[in-house]
Amino acid sequence: MIEQDGALLVMFGATGDLARRKLYPAIYSLYCEGKLGEKFALVGVSRRPRTNEQFREELRKSIEEFARHSIENDERWQAFAAHFVYQSLDINEISHFVTLQNVASALEQQFGLTGNRLFYLAIAPELFGKVGKNLRDGGVLDTAGWHRLVIEKPFGYDLPSAEQLNAQINEVFSEQQIFRIDHYLGKEMVQNIQAIRFANRLFEPLWNRHHIANVQITTSESIGVEERGTYYDQSGALRDMVQNHMLQMLALITMDEPSSFESERIRDEKVKVIQALRQFTTDDEVRANVSRGQYIEGVVNGKQLPAYREEPNVSDQSTTETYFAARMMIDNERWQGVPFYLRTGKRLPVKATEIVIELKTTDMAIGGVPVQPLPNLLVIRIQPNEGIHIRFNTKKSGTFAQVTPVDFDFNNNKGKPPGSVPEAYERLLYDALRGDSSYFTRWDEVASAWRFVDPIAKAWRTDAADLQFYAAGSWGPSKGNGLPEEDGFKWWPVSGQADRDALWYAESI
Ligand code: BG6
């Protein structure tokens, strides 16, 4: 349950896609599970005109289409919908914020709330600064309770623009009040990384350069850029996925154990490891360690898919990367010398996010005969099948000096009815309402991530000779696919990969 005093949510971007697909369904789930109680209210804010009835009708549609819980009966629905009102607002009009303050106060009275306010900005980041100032100047922050700001990415385009954005927000909100969403941090198995690492003596003592040969993080997507060409063509995979989601997963996998599992201590450890990432200092270093690709047309399941440059709102000369892969190194005692391979791309063959920890092999001989075991693997499957996979070696039955790998699978959702696992946005909204910022990114993490990413973007601006094209539905460009091989490793296949079993067992004895 959120605090006894409850809270008022002000949702900017109330008629947008994120609110419709993710945020309202998340709020509805929290309500159905009793985590919100009745002491909450929401003012939906956007430019477009809507009556409260129209807004509630749209709310209902979004819940029917996207929520985990279905609407059981009309009475219950009416009780829920009564907590929602709508206000059309022009972000540049201070008088509209004064009206917002009046609407908010009236709702607080109606639901017995005491002034706790959460402002969710599901709008373009260029507007964050203006909204913050007008909230303050319109008197919307003049209440006795807490005030929190939840914001979505992109948080800047590079370090200077992120600093500027942060400075604008800081004019009104302090760092403790800012909750920067990275929705990957709301995923069940991403949150599970700490438990897997720190609650198991089986793993943690081995979690270092003495035992780990390499780590691979893959986020492959089968979709293209869809309707988001305008945004994506400016952003590309580096800014869209790597600066945030991929580096956050890397940080959780590699950080030291925090002195306590409080949000600030966890984020202290994450920032240290992001800062320890070895920066690429020259364009040649970038070219040697980073691969970028862009999809061209391809055929998947008999369907012809367009090239990236033919997608709506994408320049037909675009050199934006839809694929990224890199070898990264971490310069600290624990990880010195261990390569981390990260890859992500659109229009790859499957949708999967997986982290593979490959351990070093042992020198074993049975009866004087050397055996060549395959490496132990720990695979953390983030999505879509949540779970853990462990590979280890046993003696091959009936032989004297042969070992063979066996694979253990743990399915995190086994036995749980479909739809019973909370969505990322549910967890994150609930955390923000409770004031727990553990799974939100702190400013120094964001800044350090940009510091690592900017030299890559800079090298890419110099010329686009290293951009490789790959057919939609293939596994991406040759440079990316060959990166681990340059060091004597290979990409381990991900779940759902067509030839996975053949690749997985290729070297079995
Ligand atoms: C978003 C990116 O942050 O994450 C999208 O902007 C991407 O381009 C999405 O498709 C992937 O999220 P998920 O949860 O579907 O893996």
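Counting convention: from 1, in listed order, for ligands and their atoms alike.
- Which parts of ligand 1 touch K346 is read off a 4.0 Å heavy-atom cut-off, strictly below it: atoms 5 (C), 7 (C), 8 (O), 10 (O).
- The two residues S222 and P349 make their nearest non-hydrogen contact at CB-O, 4.3 Å.
- Ligand 1 lies out of reach of Y232, whose nearest heavy atom is not under 4.0 Å from it.
- Across E423, K153, Q383, heavy-atom proximity to atom 3 (O) of ligand 1 is greatest for K153.
- Here the heavy atom of the protein found nearest to atom 16 (O) of ligand 1 is Y184 OH, 2.5 Å.
- Counting the atoms of ligand 1 from 1 in the order shown, those under 4.0 Å from a heavy atom of H245 are 1 (C), 3 (O), 4 (O).
- With salt bridges taken as basic N to acidic carboxylate O contacts below 4.0 Å, one links D268 and R442.
- Scored by the side chain to side chain contact (heavy atoms under 4.5 Å, CB included) test, S448 finds V271, I274, Q275, R451 as partners (sequence neighbours excluded).
- Ring-plane geometry between F80 and Y31 is classed as tilted, the angle between the planes lying from 30 to 60 degrees on a 0 to 90 degree scale.
- Listed by atom number, the atoms of ligand 1 under 4.0 Å from E221 heavy atoms are 7 (C), 10 (O), 11 (C).
- Between E221 and the options R343, K346, R347, a salt bridge (charged side-chain N to carboxylate O under 4.0 Å, His left out) holds for only K346.
- Shown here are the salt bridge (Lys or Arg N to Asp or Glu O under 4.0 Å) partners of E257, two or more places apart in sequence or in another chain: there are none.
- If you check which protein heavy atom lies closest to atom 13 (P) of ligand 1, you get K351 NZ, 3.3 Å.
- Near D240, with a cut-off below 4.0 Å to any heavy atom, the atoms of ligand 1 are 2 (C), 5 (C), 6 (O), 8 (O).
- Close approach to K187 involves these atoms of ligand 1, each under 4.0 Å from a residue heavy atom: 13 (P), 14 (O), 16 (O).
- The shortest non-hydrogen separation linking D182 to L428 is O-CD1, 4.0 Å.
- Ranking protein heavy atoms by distance to atom 12 (O) of ligand 1, first place goes to H183 NE2, 3.1 Å.
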